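Nothing here was measured: the structure is a model prediction, and the numbers come from that model. Ligands are counted one by one from 1 in listed order, and the atoms in each one are counted from 1 as well.
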Amino acid sequence: VSTATNIAQKKFDNCIMNASGVWCSDENELTELDRSEASSFVTKSGTLQPRKGNPQPRYFPTSLGSINSMGLPNQGLDYYLEVVNRLQQRKPHKNYFVSCTGFNVQEDISLLKKVAVSGFTGVVELNLSCPNVPGKPQTGYDFETVDNILKTVFKSYKGPLGVKLPPYFDIVHFNQMAQILNKYPLAYVNSVNSIGNGLYIDDTQEQVVIKPKNGFGGIGGDYIKPTALANVHAFYQRLNPDIQIIGTGGIKNGRDIFEHILCGASMVQVGTALMKEGPDIFARLTRELKAIMRDKGYEKIADFKGKLQYIE
Ligand SMILES: O=C(O)c1[nH]c(=O)[nH]c(=O)c1I
């Protein structure tokens with residue numbers, strides 16, 4: 001059986017990789033991902049200037065997942081482009097993803113211009129869903145701004161580009177977002193980012209567990225899998241077929257990956273579980289997915305991608 005896939009007409013020999021923000025903040029972590037069974041990696045979202053991010057503690061793992069309010073700490077887009085462009089010199093090289101995010105549409109344009117002149121030949125992921133920069137609204141929940149950003153971006157950036165979206169919780173919002181997204185030549189939509197502004201409490205100390213924002217942070221892990229699957233399938237049902245879906249959220253075993261692909265995902269990304277288990281997780285996940293495919297008689301992921309059945 002093969003777990004290979006294609007995104008933006010690029011071949012990946014495995015449909016499993018990291019989620020932006022996890023194990024991808026510097027060259028060391030990116031190199032560890034590159035050496036793992038993951039078929040690619042995406043960098044931490046790069047900004048125009050490096051950022052320290054929010055005060056610690058700003059990440060906390062729980063038995064069912066995680067809460068984070070990192071605050072977009074990163075080395076700056078230039079750093080990630082330098083690392084990735086060096087890795088992509090090797091023969092053969094994998095196809096890589098670089099994530100970036102600006103604080104307004106002009107910054108998004110500047111970031112993409114940097115990518116264009118850098119010689120990067122991979123795929124850009126524009127993060128529209130960071131929930132943890134105090135005072136910065138979730139771009140993905142401002143539909144007019146999303147429309148304006150994509151209209152402006154696609155005037156100047158001609159390379160393969162996907163967007164990272166927050167989770168939506170209303171059918172009308174799925175419809176409205178799909179209507180906007182279908183206007184643009186997107187390579188893919190990546191659903192979902194963490195569920196923003198959750199709260200986890202340590203009841204022995206009667207206290208929150210992260211410092212920023214009085215303990216409010218993005219939720220990942222088991223808590224968000226039903227929401228992630230719904231967003232993957234909702235967009236799979238609504239987007240025109242040349243906009244692919246990357247499924248992120250609640251993946252920690254082969255079954256979770258199988259379900260994301262059943263919902264329509266062409267690639268899946270792992271966040272919280274990767275943070276807990278490290279890059280060895282990709283060998284385990286690949287083994288588990290292949291075992292499920294063998295049991296069910298599927299040769300390749302196209303055999304079951306998007307084939308979720310309803311109850312008539
Ligand atoms: O706080 C972060 O750095 C962060 N945390 C998330 O859970 N999602 C994001 O897109 C980002 I940019």
Side-chain angles (χ1 to χ4, degrees), residues 17-26 29-30 41-62 64-77 79-80 97-104 107-108 111 124-142 145-146 149 161-168 188-200 208-225 227-228 231 246-252 269-276:
M17 61 184 283
N18 73 299
S20 180
V22 182
W23 221 283
C24 58
S25 292
D26 62 27
E29 292 184 339
L30 291 168
F41 63 58
V42 56
T43 65
K44 172 67 183 177
S45 298
T47 46
L48 282 178
Q49 302 305 325
R51 287 173 53 88
K52 285 192 173 42
N54 292 338
Q56 301 187 10
R58 57 193 188 185
Y59 175 85
F60 186 87
T62 77
L64 294 177
S66 65
I67 184 167
N68 91 82
S69 185
M70 311 301 283
L72 191 48
N74 75 97
Q75 314 271 0
L77 180 62
Y79 172 95
Y80 296 112
F97 294 72
V98 168
S99 175
C100 58
T101 190
F103 287 99
N104 57 53
E107 287 204 358
D108 289 336
L111 288 159
V124 175
E125 179 165 288
L126 185 59
N127 184 357
L128 300 176
S129 44
C130 181
N132 300 320
V133 179
K136 181 174 176 287
Q138 263 272 20
T139 307
Y141 290 151
D142 179 342
T145 301
V146 170
I149 287 171
L161 182 122
V163 287
K164 180 72 172 284
L165 297 177
Y168 300 97
Y188 70 87
V189 157
N190 184 344
S191 292
V192 294
N193 209 315
S194 54
I195 295 181
N197 295 301
L199 185 58
Y200 187 85
V208 302
V209 294
I210 55 173
K211 181 169 181 177
K213 295 170 60 176
N214 295 328
F216 283 59
I219 303 295
D222 296 1
Y223 303 111
I224 78 167
K225 188 173 106 175
T227 295
N231 276 260
I246 293 185
T248 308
I251 291 173
K252 66 179 186 188
Q269 296 186 344
V270 185
T272 297
L274 168 60
M275 189 70 183
K276 293 181 178 180

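For atom 12 (I) of ligand 1, the closest non-hydrogen atom of the protein is C130 SG, 2.9 Å. What sits closest to atom 5 (N) of ligand 1 on the protein, heavy atoms only, is N68 OD1, 3.0 Å.
The side chain of P131, and not its backbone, has at least one atom closer than 4.0 Å to an atom of ligand 1 (non-hydrogen atoms only; side chain from C-beta on). Heavy atoms of N127 found under 4.0 angstrom from ligand 1 belong exclusively to the side chain.
The heavy-atom pair separating Q49 from T47 by the smallest distance is O-OG1, 2.6 Å.
Using a 4.0 Å cutoff on heavy atoms, S194 counts as a contact of ligand 1. Residue contact annotation: K44 has a non-hydrogen atom under 4.0 Å from ligand 1. Judged by the shortest distance from any of its heavy atoms, G71 lies inside the 4.0 Å radius around the atoms of ligand 1.
Polar contact with ligand 1: present for N132 (N/O pair, distance under 3.5 Å). Of the polar atoms of S45, none of the N or O atoms is found under 3.5 Å from an N or O of ligand 1, judged by distance alone. Of the polar atoms of M70, at least one N or O is found under 3.5 Å from an N or O of ligand 1, judged by distance alone.
N190 and E125 share a donor-acceptor pair across their side chains, judged by distance under 3.5 Å alone.
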Under the ring-ring contact (aromatic ring centres under 6.0 Å, His included) criterion, do F60 and Y200 qualify, and how do the steps go?
-> CA-CA 9 Å; F60 186 87; Y200 187 85; 5.7 Å; yes
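Qualifying salt bridge (charged side-chain N to carboxylate O under 4.0 Å, His left out) partners for K213, counting only residues two or more places apart in sequence or in other chains: none. The side chain to side chain contact (heavy atoms under 4.5 Å, CB included) search around T145 returns T139, D142, I149, not counting sequence neighbours.
For ligand 1, the atoms sitting less than 4.0 Å from at least one non-hydrogen atom of L72 are 1 (O), 2 (C), 3 (O), 12 (I), numbered in the order shown with element in parentheses. Residue N193 approaches ligand 1 through these ligand atoms, each under 4.0 Å from one of its heavy atoms: 6 (C), 7 (O), 8 (N), 9 (C), 10 (O).
The shortest side-chain heavy-atom distance between L72 and S45 falls under the 4.5 Å cut-off.
Within 6.0 Å of NZ in K252 there are 12 or fewer heavy atoms belonging to other residues, nucleotides or ligands. Around the NZ atom of K136, the shell of radius 6.0 Å holds more than 12 heavy atoms that belong to other residues, nucleotides or ligands.
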